[in-house]
Novice: 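Quick one: this structure, given as structure tokens, is what I'll be asking you about.
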Amino acid sequence: MLSSGINVLFEGSNMQRLLGGLLITAQIAFISIIISSLLGIVVGLMMTLKSRVLQFVFRFYLEAFRIIPILVWLFFVYFGVTNMLDIHLDGEIVAVVVFSLWGAAEMGDIVRGALESLPKHQMESGKALGLSFWQLYRFVLIPQAVRRMLPGAINLSTRMVKTTSLVVMIGVIDVVKVGQQIIERSIIDFPAASFWIYGLIFILYFIICYPLSILSKKMEMKWES
Amino acid sequence: MSIKKILVLVFSTLFLVGVLAGCGSTVKTDSASKSTIDEIKKRGVVRIGVFSDKPPFGFVDANGKSQGFDVYIAKRLAKDLLGDESKVEFVLVEAASRVEFLQANKVDIILANFTVTEGRKQKVDFANPYMKVALGIVSPTGEPITSVDQLKGKKLIVNKGTTAEMYFTKNHPDIELLKYDHNTEAFEALKDKRGVALAHDNTLLFAWAKENPSFVVGVSTLGNLDAIAPAVKKGNEELQDWINKELETLGKENFIHKAYNETLKPAYSDSVNPEDVVIEGGKLK
């Protein structure tokens with residue numbers, strides 16, 4: 001019976017464990033999103049500078065994260081880099097590092113796209129007014145670019161939230177893994193456990209991601225008026 | 001612009017260091033530190049890698065505690081090594097990353113239903129076995145698969161990185177494989193009829209088919225009889241020897257049978273003979 005399966009959510013400390021897993025998921029996602037937003041602006045700025053070397057370096061950085069699967073990066077940092085340097089890093093820290101680097105690369109490209117899409121006269125007018133390099137970016141270009149990059153940035157953020165489910169491969173127990181543990185454990189007593197557990201996980205992910213969508217809508221509306 | 005030049009210099013250096021570090025990593029892995037018994041004793045806790053979603057071998061109960069056959073044995077190892085069965089840290093591992101957990105020194109021992117294979121022997125050191133297993137194929141009772149020939153041109157579900165995947169890729173390349181990372185996903189896929197059958201270790205399937213009466217283990221032994229053994233990091237002979245001696249000692253009190261009765265028996269149907277599953281004293285009879 002489907003209705004009896006819902007009890008599995010409240011058996012033992014199951015609900016607590018699921019929420020604990022959610023906290024891990026949310027922590028990794030949001031810390032990475034914040035770091036990659038900040039780093040992304042810097043990376044994006046670098047990408048628009050007209051230095052061949054810089055452009056090559058950042059192009060390489062971006063492509064490295066685009067082409068190589070995130071799972072491979074997680075393995076590489078968690079098992080490879082820590083072993084080589086003979087240090088121990090928690091899976092969660094590795095996850096935040098990898099997700100931040102990935103986010104910064106992608107966010108950088110979004111920022112670059114937004115900056116380059118601005119009409120050339122914006123920069124030229126700014127220079128004509130005698131603004132310095134930093135003033136030009138701080139007061140003229142970045143405020144305008146932020147509006148244009150918002151949809152892409154929100155899209156990237158929700159993608160990052162969802163991709164966190166990979167962290168289980170490096171031993172981090174996130175909300176999806178807790179769900180699977182409970183399902184496997186309870187399948188005899190509650191055959192419908194998977195429906196209820198995955199249903200709850202669906203709602204939990206929605207609760208994390210939906211505020212991001214609202215936020216972007218609000219900001220776009222605010223700037224429109 | 002001088003800022004630009006400085007930035008160029010800084011980032012090129014970082015880039016170069018990164019690339020060089022990346023190249024170096026493949027060469028050095030073997031010489032990294034080994035966790036010897038003294039190290040474990042100094043640490044006061046032994047790190048053992050177990051499964052978290054494979055009842056009855058390794059799973060997490062409703063209160064978040066690790067349980068199961070492997071866990072039962074792991075606790076005894078901790079008791080005999082450090083004098084207290086609570087001095088064990090269970091590291092929850094996935095099938096596809098068990099080797100890496102050992103290689104990168106994230107755990108001291110893997111006790112996660114680890115089947116001994118030639119390929120794995122190159123990367124980790126196995127102690128003597130405590131269990132034996134063959135492959136099995138589970139399918140719906142209504143449309144049972146009773147021989148491998150029936151699978152030709154159909155989809156078979158397997159887990160990535162398991163013996164089942166290796167066996168079918170090598171011996172039956174004409175069978176289309178649907179591969180999943182997690183057991184949960186694989187069994188859900190079978191229930192959703194994404195494949196006609198699922199191949200996995202028979203010991204796991206016996207238990208699963210008991211819980212899911214609408215499925216039957218149509219092929220109960222396939223391929224070679226494989227041994228399941230604890231594994232340690234390559235070259236850690238001290239710990240390997242200790243485990244072998246420990247298994248011999250435990251064999252004298254029939255401890256593995258006790259573990260079977262406590263954890264596996266309730267999960268299997270009565271038709272399963274314990275002698276088909278457990279190995280006492282570390283030796284295949």
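Every chain is numbered from 1, with letters handed out A, B, ... down the list of sequences.
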Novice: Under 4.5 Å heavy-atom distance to chain B, tell me which part of A/Phe75 shows up: side chain, backbone, both or neither.
Specialist: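 When you check distances to chain B, only side chain atoms of A/Phe75 fall under 4.5 Å.
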Novice: Under 4.5 Å heavy-atom distance to chain B, tell me which part of A/Tyr198 shows up: side chain, backbone, both or neither.
Specialist: side chain
Novice: Ignoring hydrogens and angles, tell me if any N or O in the side chain of A/Ser13 forms a donor-acceptor pair with the backbone of B/Ala62 under 3.5 Å.
Specialist: yes
Novice: Can you name the residues that form a salt bridge (Lys or Arg N to Asp or Glu O under 4.0 Å) with B/Lys123, not counting sequence neighbours?
Specialist: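 Not a single residue meets the salt bridge (Lys or Arg N to Asp or Glu O under 4.0 Å) criterion with B/Lys123.
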Novice: Between B/Lys191 and chain A, which part of the residue has a heavy atom less than 4.5 Å away: side chain, backbone, both or neither?
Specialist: side chain
Novice: Would the distance check show the side chain of A/Lys177 and the main-chain N or O of B/Asp53 forming a donor-acceptor pair, the cut-off being under 3.5 Å?
Specialist: no
Novice: Under 3.5 Å, is there a donor-acceptor pair between the side chain of B/Ser52 and the main chain of A/Gln181?
Specialist: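 Judged by distance alone, no pair lies under 3.5 Å.
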Novice: Can you confirm whether B/Phe59 sits close enough to A/Glu184 that some side-chain heavy atom of one is under 4.5 Å from a side-chain heavy atom of the other?
Specialist: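 Counting from C-beta outward, B/Phe59 and A/Glu184 never come under 4.5 Å.
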Novice: Between A/Phe79 and B/Glu100, what is the shortest heavy-atom contact and its length?
Specialist: CD2-O, 3.3 Å
Novice: Checking B/Val60 against chain A: side chain, backbone, both or neither under 4.5 Å from a heavy atom?
Specialist: both
Novice: Using 0.5 Å steps for rounding, measure from the CZ atom of A/Arg185 to the CG atom of B/Asn63.
Specialist: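 Reported value, rounded in 0.5 Å steps: 9.0 Å.
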Novice: Among A/Ile182, A/Val168, A/Val178, who wins on heavy-atom pairs under 4.5 Å with chain B?
Specialist: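 Top count of heavy-atom pairs under 4.5 Å with chain B: A/Val168.
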Novice: Is atom CD of B/Glu237 surrounded by more than 12 heavy atoms (other residues, nucleotides or ligands) closer than 6.0 Å?
Specialist: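 Counting neighbours around CD of B/Glu237, 12 or fewer heavy atoms of other residues, nucleotides or ligands fall under 6.0 Å, so no.
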Novice: For A/Leu89, which atoms come within 4.5 Å of any heavy atom of chain B: side chain, backbone, both, or neither?
Specialist: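 Contact with chain B is through the backbone of A/Leu89 alone.
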Novice: Count the heavy-atom pairs under 4.5 Å between each of B/Gly49, B/Ala96, B/Gly64 and chain A, then report the option with the highest count.
Specialist: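 Of B/Gly49, B/Ala96, B/Gly64, B/Gly64 has the most heavy-atom pairs under 4.5 Å with chain A.
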Novice: More than 12 heavy atoms of other residues, nucleotides or ligands under 6.0 Å from CD of A/Gln16: yes or no?
Specialist: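 12 or below, so no.
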Novice: Need one label for B/Glu188: side chain, backbone, both or neither, based on atoms under 4.5 Å from any heavy atom in chain A.
Specialist: side chain
Novice: Closest approach of A/Ile170 and B/Phe101, non-hydrogen atoms and distance?
Specialist: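 That closest heavy-atom pairing would be C-CZ, 3.9 Å.
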Novice: Using the ring-ring contact (aromatic ring centres under 6.0 Å, His included) criterion, which residues pair with B/Phe51? Sequence neighbours excluded.
Specialist: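 B/Phe51: no ring-ring contact (aromatic ring centres under 6.0 Å, His included) contacts found.
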Novice: Counting heavy atoms not belonging to A/Arg66, are there more than 12 under 6.0 Å from its CZ?
Specialist: yes
Novice: Go through it in stages, so that I can follow the logic: the residues are B/Lys106 and A/His88, the test is side chain to side chain contact (heavy atoms under 4.5 Å, CB included), and I'd like the CA-CA distance, side-chain angles, deciding distance and then a yes or no.
Specialist: CA-CA 8 Å; B/Lys106 303 278 180 196; A/His88 179 76; 3.8 Å; yes
